[in-house]
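Here the structure is laid out as structure tokens; the discussion comes afterwards.
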Amino acid sequence: VARVAQPMSPSSAATAAADASMLARAGLPPTTTPYDDYKFAPIREAEVNRAMTRRYFKDMDEFAESDVVIVGAGSAGLACAFELGRIAPHLKVALMEQSVAPGGGAWLGGQLFSAMVVRKPAHEMLDALQVPYEDEGHYVVVRHAALLTSTLMSHVLKNPNVKLFNATAVEDLIVKPDPALGPGGRRVAGVVTNWSLVAQAHGTQSCMDPNVIEAGVVVSACGHDGPFGATGVKRLARLGMVPGGEVPGMGALDMEAAEGSIVNNTREVVPGMVLTGMELAEVDGSPRMGPTFGAMIVSGMRAAHMAVAALER
Ligand code: AHZ
């Protein structure tokens, strides 16, 4: 943006004059900053509208058929998108997040503390991201969880083949018969979406139909149960597609056991849908780990490889 001297508006000129005279009365020189003569390039309101909407609707058009749809942009979903960017950057990845802010539970450590604990060897991803940490032996500590989350996010979103649809909830799954899977075989073939504000208003309005995205493979990273959490596996259970039929809910906290089980259990839970992160604990009844984040990172990265394998089948 060019900085060209321009006359001050009457009101800012009056304020500046008042400030200057106050400073002068106090015997101080007027304050100058590098932005005193700042001038914006011109803009029109319609241009701003079109700059946003043209891109959004072009993205909706392009991503109506995505290679991978990741549901949930928490630590597991973001780690999955990061690894996809490393191993298969050509894939079209739609990242669906019901909140305005992606990041899920990873903006903080535990409770409302700012630091994040990552158990080794998951810290290798921090090295790849060049996120600094303090080495505590078996684990590392990132001073601000927000630094890791924002760095991960910026890597993911720089990939032109990734589109974040935030403030957009996945309300349901697309499920199709798949003769290749034998009689009665079904596979997940995409997601049913709605802007979150619409999804939240279903109880008060009628007939607000959703939208859809077809996917080669869906990675469900919805986190543990909550207002939106575990949407993927809860829906699979209602469709009779969860082996065993139920979603028992996560087990009690056991850090030592929990992280390994999340990583080891990361899998394509039904054809076309890979499950990662804490949503796995919901369907397996395995323990929660609380504020250690190594498993979310490695589970998300493992899920990326499984998604690529599912696409190549
Ligand atoms: O908003 C959710 C969050 O950002 C988003 N999400 C959930 N359901 C969705 C839906 N459509 C779109 N239907 C949806 N988005 O998914 C994200 C989940 O992130 P998360 O941080 O809650 O889950 P994670 O599995 O990546 O990490 C979990 C970390 C742990 S462990 C733990 C414990 O043991 O207590 N608690 C947390 C938060």
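Counting convention: from 1, in listed order, for ligands and their atoms alike.
- Those atoms of ligand 1 that come under 4.0 Å of a heavy atom in Gly277, given as number and element, are 25 (O).
- Below 30°, between 30° and 60°, or above 60°: for Tyr38 and Tyr35 the angle between ring planes is between 30° and 60°, a tilted geometry.
- Here Thr231 has side-chain heavy atoms under 4.0 Å from ligand 1, and that is the only part of it that gets that close.
- Of all the heavy atoms of Thr276, none lies under 4.0 Å from any atom of ligand 1, so neither backbone nor side chain is involved.
- Glu259 has its side chain within reach of Met289: a pair of non-hydrogen atoms, C-beta onward, lies under 4.5 Å apart.
- Among residues two or more places apart in sequence or in another chain, the ring pair (Phe, Tyr, Trp, His ring centres under 6.0 Å) test is passed with Tyr133 by His123.
- The distance criterion of under 3.5 Å between nitrogen or oxygen atoms is met by Gln98 with respect to ligand 1.
- For ligand 1, the polar-atom distance check against Met289 finds a nitrogen or oxygen pair separated by under 3.5 Å.
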* To do: Begin with the C-alpha distance, continue with both residues' side-chain angles, and end with the deciding distance and a verdict on side chain to side chain donor-acceptor pair (under 3.5 Å) for Thr168 and Gln98.
  => CA-CA 5 Å; Thr168 307; Gln98 60 92 14; over 6 Å; no
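- Below 3.5 Å of separation, one finds an N or O of Val170 facing an N or O of ligand 1.
- Across Gly105, Ala76, Gly72, heavy-atom proximity to atom 20 (P) of ligand 1 is greatest for Gly105.
- A donor-acceptor pair is defined here as one N or O able to donate and one able to accept, closer than 3.5 Å; no such pair exists between the side chain of Asn166 and the backbone of Glu97.
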* Asked: Hey, mind stepping through Ser261 and Asn264 against side chain to side chain donor-acceptor pair (under 3.5 Å) and telling me if it holds?
  -> CA-CA 5 Å; Ser261 64; Asn264 294 336; over 6 Å; no
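- Close approach to Gly223 involves these atoms of ligand 1, each under 4.0 Å from a residue heavy atom: 18 (C), 22 (O), 23 (O), 25 (O).
- Residue Gly290 places at least one N or O, backbone or side chain, under 3.5 Å from an N or O of ligand 1.
- With a 4.5 Å cut-off on side-chain heavy atoms, Met278 and Met296 count as touching.
- Under a 4.5 Å side-chain heavy-atom criterion applied to ILVMFWY residues, the cluster that includes Val100 comprises that residue alone.
- Assignment of Thr168 to the shell around ligand 1 is supported, since a heavy atom sits closer than 4.0 Å.
- Across all non-hydrogen atoms, the minimal contact from Thr266 to Ser299 is OG1-OG, 2.8 Å.
- Closest to atom 36 (N) of ligand 1 by heavy atom, among Met255, His224, Met278, is His224.
- Heavy-atom proximity to Gly104, at under 4.0 Å, picks out these atoms of ligand 1: 3 (C), 4 (O), 19 (O), 21 (O).
- For Ala221, every heavy-atom contact with ligand 1 shorter than 4.0 Å involves the backbone, none the side chain.
- Atom numbering of ligand 1 starts at 1 in the shown order; those under 4.0 Å from a heavy atom of Gly74 are 17 (C), 19 (O), 21 (O), 26 (O).
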* To do: Mind running side chain to side chain donor-acceptor pair (under 3.5 Å) on Glu279 and His224 for me, showing each step along the way?
  => CA-CA 5 Å; Glu279 198 173 3; His224 63 63; over 6 Å; no
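- Using modelled atom types, one finds no donor on one side chain facing an acceptor on the other under 3.5 Å when comparing Thr193 with Glu171.
- Each of the atoms 1 (O) of ligand 1 lies under 4.0 Å from some heavy atom of Ser99.
- The atoms of ligand 1 that sit less than 4.0 Å from any heavy atom of Met96 are 12 (C), 15 (N).
- Using a 4.0 Å cut-off to heavy atoms of Arg288, the atoms of ligand 1 that qualify are 33 (C), 34 (O), 35 (O).
- Remark: ligand 1 atoms within the under-4.0 Å shell around heavy atoms of Met296 are 24 (P), 25 (O), 27 (O), 28 (C), 29 (C).
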